[in-house]
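Presented below is the structure to which this report refers.
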Amino acid sequence: MTTHVWIAECLFTIILTLSAASTGVARPKGGIWEVRETPMPSQRVNFAASAVNAKIFLIGGTVWDQLPRNGKVLRTVEEYDPATNRWKRRVDMRIGRSDLASSVVNGKIYAIGGSVQVGWRRKHVEQFDPATDTWETKADMLEPRSNFSSNVVDGKIYVLGGSVDGLSETYDPAANNWERIATMPKQRSWFATSVVDEKIYAIGGVKWNPEKYLGTVEVYDPAADTWEKKADMPTARCCLSAITVNGIIYAIGGSNTRALTTVEAYNPASDTWEQMADMPEARGSFSATAINEKIYVFTDTWNFTRTVLIYTPPFRPPQSVDATGKSAITWGRVKAER
């Protein structure tokens, strides 16, 4: 670092500190949260969220009546534009599902699995093309499942665990076929996953009979078809979201008998966790995704709040997790991809 750059950074820090002191407001620690008053058009929970071309698509889910709570599974698809803060209705899925997962390959969204009523899980897969606003049915999964997670690595979709005792599989969109992969070591549901350096990190969840909330972290390497244990998340919880921004995984919200505001950041390079700024509202069983280094958090099961929470993580240049035989790699701005 040159002397001029160092002096500039010092002056910048001093100015920010004096500004905070003069206003009586401390600089936010661990990122900044914003509450955006932009209610979802439909009141629903347990839907999937994916981003394409800087738009966020919320798919399926359940709407609950007042007591007694009778759920109605939905085919609903709504598009949210963060730039304009507006919602737009899109064509419905062919089959309504809740507790499903979604992933994006080549600009198309795959709505995978889920349930059509309590205990009735689906193998069903549909592909949505936002450009044409059309749905197409694809090959079924090998196992019906709900309460699971999906991610994309090297153009293939990996679905892990859920209500099938850790059984996992991968989908090749080009060939339209599914194959089994290594079973998750820790059987669990309602966990979260995120990708860093083409490896999938499975985080938290719950194990039933007896009920136990988990802080467990395991990483799956698709190239080797192997799992490896990592450092536990400090706050054991299920029904959370995990989003990667600049090589750091942010484990957001969730529940462990109650909804949480907790946000913790995991650094795969050092296998360490760090406390971040709490959400302004507790949320569990919600959906989240990222666009341009901002994380968007949508409604949850606990209180049906339909406002959008937006999280801007603290800037940190990402580094390659695997430093063997290469120097650290730094990017200026990286668009997060789920």
For this session: Specify whether Y220 and Y158 have parallel, tilted or perpendicular ring planes, treating 30° as the upper limit for parallel and 60° as the lower limit for perpendicular.
Result: tilted
(request) If the plane angle is over 60° it's perpendicular, under 30° parallel, otherwise tilted; pick one for Y250 and Y311. (result) perpendicular
Sequence neighbours excluded, the answer for ring-ring contact (aromatic ring centres under 6.0 Å, His included) partners of Y296 is none
List the steps, then state whether salt bridge (Lys or Arg N to Asp or Glu O under 4.0 Å) holds for E143 with R121. CA-CA 9 Å; E143 301 287 343; R121 300 184 294 270; over 6 Å; no
Can you tell if the side chain of V219 reaches within under 4.5 Å of the side chain of Y201, non-hydrogen atoms only?
yes
Applying ring-ring contact (aromatic ring centres under 6.0 Å, His included) to F148 and not counting sequence neighbours gives none
Donor-acceptor pair, distance only, cut-off 3.5 Å: does the side chain of T312 make one with the backbone of I310?
no
I'd like to know if the side chain of R237 pairs up with that of T235 as donor and acceptor (distance under 3.5 Å, no hydrogens or angles considered). no
Side chains of I252 and F286 in contact at under 4.5 Å (non-hydrogen atoms) = yes
From the list K229, K186, R188, side-chain hydrogen bond (donor to acceptor under 3.5 Å, both in side chains) with E218 holds only for R188
Evaluate the salt bridge (Lys or Arg N to Asp or Glu O under 4.0 Å) criterion for residues E169 and K123: first the C-alpha distance (whole Å), next the side-chain angles of each, then the deciding distance (0.1 Å), finally the verdict.
-> CA-CA 12 Å; E169 51 191 291; K123 299 180 179 180; over 6 Å; no
Handout entry: Charged N-O contact under 4.0 Å between R75 and D92
Key = yes
